[in-house]
Protein chains: 2
Amino acid sequence: MQDLLFDFISKYISLTEEEKNAIISLDIFRSVKKGTTLLKEGQKSQDSLFVLKGCMRKYYIIDGEEKTTAFFTEMEGITPNCVISKTPSEYYLSCIEDSIVLVSDADMGAAINSKFPKFEIMCRILSEELLAKQQIDFDEFKTSSPEQRYLNLIDKRPDLVQRVPQHLLASYLGIKPQSLSRLRARILEKKS
Amino acid sequence: MQDLLFDFISKYISLTEEEKNAIISLDIFRSVKKGTTLLKEGQKSQDSLFVLKGCMRKYYIIDGEEKTTAFFTEMEGITPNCVISKTPSEYYLSCIEDSIVLVSDADMGAAINSKFPKFEIMCRILSEELLAKQQIDFDEFKTSSPEQRYLNLIDKRPDLVQRVPQHLLASYLGIKPQSLSRLRARILEKKS
DNA sequence: CCAACCCGTTCACTTAAGTGAAGAAAAACG
DNA sequence: CGTTTTTCTTCACTTAAGTGAACGGGTTGG
């Protein structure tokens with residue numbers, strides 16, 4: 001399991017055995033059961049997450065309705081906004097598959113960064129990558145219809161379409177489960 | 001006009017007179033006429049922009065139709081994705097008001113950063129701020145209807161509603177001008 | 001084994017956005 | 001100043017998403 005992490009890190013920086021051991025000794029691997037809510041609206045959290053295996057969902061509750069805005073799967077990191085701004089969270093994070101995640105609070109992050117400056121570099125690269133990706137995703141979302149967004153999802157994240165329940169996918173696409181059902185039927189019809 | 005820039009910078013770092021002069025001597029202020037297209041699809045650009053006065057629009061052309069995804073006004077910076085990824089641009093940037101912008105290419109940025117390390121710090125803070133803001137904006141967009149997005153715009157960016165033509169606003173909200181017109185009429189009706 | 005629940009789908013109906021056309025008001029321009 | 005173009009609105013009609021209800025197929029758990 002740790003190898004997954006080190007393989008990922010090695011794409012950005014190279015670690016010595018000593019550094020790897022230091023990370024392992026932090027004991028930050030957590031296994032999380034499906035259905036667990038890791039962060040609630042109004043809650044203040046210090047923890048950043050990194051998904052090693054499984055799937056997390058980010059959602060808001062607006063007018064009593066869940067609105068999913070993101071899924072996080074293998075090798076994706078989550079730094080909740082409330083960690084940065086130190087304000088209560090506006091959204092929820094919950095685990096939708098039995099998962100293994102890496103949890104680190106702000107102090108721990110600072111400790112690692114000061115001990116291994118390399119980490120700071122990796123974090124900067126990751127956040128630059130994230131910013132660029134985020135901008136593209138945002139523009140894609142803005143410029144497409146629910147149907148196009150669904151087709152796009154099949155293309156770019158086929159794994160999500162398989163592993164995530166339809167009603168959560170619908171919520172993510174910004175429509176109701178019934179509409180997603182219809183939309184899928186429409187697409188099938190077009191193909192034939 | 002330069003004071004606008006220095007006032008902005010002073011919110012993040014403090015500059016000596018010497019540093020200010022160094023910046024002025026770069027001669028990076030450009031005045032841009034309304035209607036000018038600063039970046040076209042397919043074009044490779046090295047230039048980052050910063051709006052001192054006026055308004056820029058970012059849009060894609062999809063199926064022959066303009067899809068606006070962002071407006072940039074006073075004190076907002078634009079680092080086109082193509083500058084970072086060094087790939088041809090997928091979108092257009094055009095000027096919708098007579099404007100004054102600050103233009104700097106990659107070399108110039110590197111030169112400033114190495115001469116004044118402070119700048120690097122400011123850039124990091126700015127991109128962190130941008131990433132956080134972007135995430136919130138994205139979630140807001142995903143979780144709201146065109147009508148809510150319009151009401152939100154009135155609330156958060158009343159200046160845009162005033163200065164930007166309706167059909168561009170509509171494009172930005174993801175709907176047709178006719179729909180925005182109807183939507184506005186609907187809102188007025190509700191108020192009374 | 002059956003009841004309860006969750007999930008996806010379908011249906012009928014409502015509401016909002018898309019489309020195409022047309023007209024009026026305002027701005028731009030020679 | 002008048003003409004042209006742009007911009008905004010309105011209308012009638014189409015299409016897609018929202019809503020509420022209902023059904024069947026799968027779990028899950030008592």
Side-chain angles (χ1 to χ4, degrees), chain A residues 33-37 55 57 59 61-68 71 94-98 141-154 160-192, chain B residues 33-37 54-55 57 59-68 71 94-98 141-154 160-192:
Chain A
K33 276 262 167 269
K34 174 177 175 176
T36 310
T37 300
C55 186
R57 176 172 75 105
Y59 63 99
I61 295 187
I62 297 174
D63 297 333
E65 205 180 347
E66 291 187 3
K67 305 256 188 180
T68 304
F71 295 106
S94 89
C95 176
I96 60 174
E97 282 176 12
D98 289 349
F141 192 92
K142 275 183 175 169
T143 57
S144 55
S145 65
E147 181 169 331
Q148 289 169 320
R149 292 202 278 268
Y150 179 68
L151 290 170
N152 189 41
L153 203 64
I154 291 178
L160 282 187
V161 180
Q162 293 310 316
R163 72 205 283 188
V164 174
Q166 298 288 325
H167 69 280
L168 295 184
L169 271 189
S171 162
Y172 178 62
L173 294 169
I175 58 178
K176 303 288 158 214
Q178 296 94 315
S179 298
L180 178 55
S181 238
R182 233 179 343 207
L183 185 157
R184 281 154 53 89
R186 214 159 55 216
I187 290 172
L188 277 178
E189 196 142 315
K190 282 183 194 166
K191 274 191 188 166
S192 62
Chain B
K33 277 259 166 275
K34 174 177 175 177
T36 310
T37 301
C55 185
R57 178 172 73 106
Y59 63 98
Y60 293 73
I61 295 187
I62 297 174
D63 296 334
E65 203 179 348
E66 292 187 2
K67 306 255 188 182
T68 303
F71 295 106
S94 89
C95 176
I96 61 174
E97 281 176 15
D98 289 350
F141 193 93
K142 275 183 175 167
T143 57
S144 55
S145 65
E147 181 168 331
Q148 289 169 321
R149 292 202 278 268
Y150 179 67
L151 290 170
N152 189 41
L153 203 63
I154 291 177
L160 282 186
V161 181
Q162 294 308 316
R163 71 205 284 190
V164 174
Q166 300 286 325
H167 68 281
L168 296 184
L169 272 188
S171 162
Y172 178 63
L173 295 169
I175 57 179
K176 302 288 159 215
Q178 297 95 314
S179 298
L180 178 55
S181 234
R182 231 179 344 209
L183 185 157
R184 279 154 53 90
R186 214 160 55 217
I187 291 172
L188 276 179
E189 196 140 318
K190 281 183 194 164
K191 273 191 189 166
S192 63

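Each chain gets a letter, A, B and so on, in the order the sequences are listed, and its residues count up from 1. The figures that follow rest on heavy atoms only: side chains count, while hydrogens, waters and symmetry mates do not.
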Check whether any side-chain heavy atom of Pro146(A) sits under 4.5 Å from a side-chain heavy atom of Leu183(A), and report yes or no. yes
Please check this pair: side chain of Ser171(B) against backbone of Thr68(B), looking for a donor-acceptor N/O pair closer than 3.5 Å. yes
Please list, chain by chain and in numerical order, all residues satisfying ring pair (Phe, Tyr, Trp, His ring centres under 6.0 Å) with Phe71(A), sequence neighbours excluded. Tyr172(A)
Angle, rounded to 10°, between the helical axes spanning five pairs at each terminus of the helix from dC1(C)-dG30(D) to dG30(C)-dC1(D)? 40°
How long is the line joining CG of Leu169(A) and C1' of dC6(C), in whole Å? 16 Å
Where do Gln178(B) and His167(B) land on the side-chain contact (heavy atoms from CB on, under 4.5 Å) test, with the steps shown first? CA-CA 8 Å; Gln178(B) 297 95 314; His167(B) 68 281; over 6 Å; no
I'd like to know if the side chain of Arg182(A) pairs up with that of Ser179(A) as donor and acceptor (distance under 3.5 Å, no hydrogens or angles considered). yes
Is it possible for you to check whether Arg149(A) lies under 6.0 Å from the centre of the six-membered ring of Phe141(A), through NZ or CZ, and within 45° of that ring's axis? yes
Given side-chain contact (heavy atoms from CB on, under 4.5 Å), test Lys34(B) with Ile96(B) step by step and report yes or no. CA-CA 5 Å; Lys34(B) 174 177 175 177; Ile96(B) 61 174; 5.6 Å; no
Counting primed atoms, P, OP1 and OP2 as sugar-phosphate and everything else as base, the B/S/- map of nucleotides 5-20 of chain D against protein heavy atoms under 4.0 Å is --SSBB-----SBBBB
Counting C-beta onward and ignoring hydrogens, is there a side-chain heavy-atom pair between Arg163(A) and Glu97(A) closer than 4.5 Å? yes
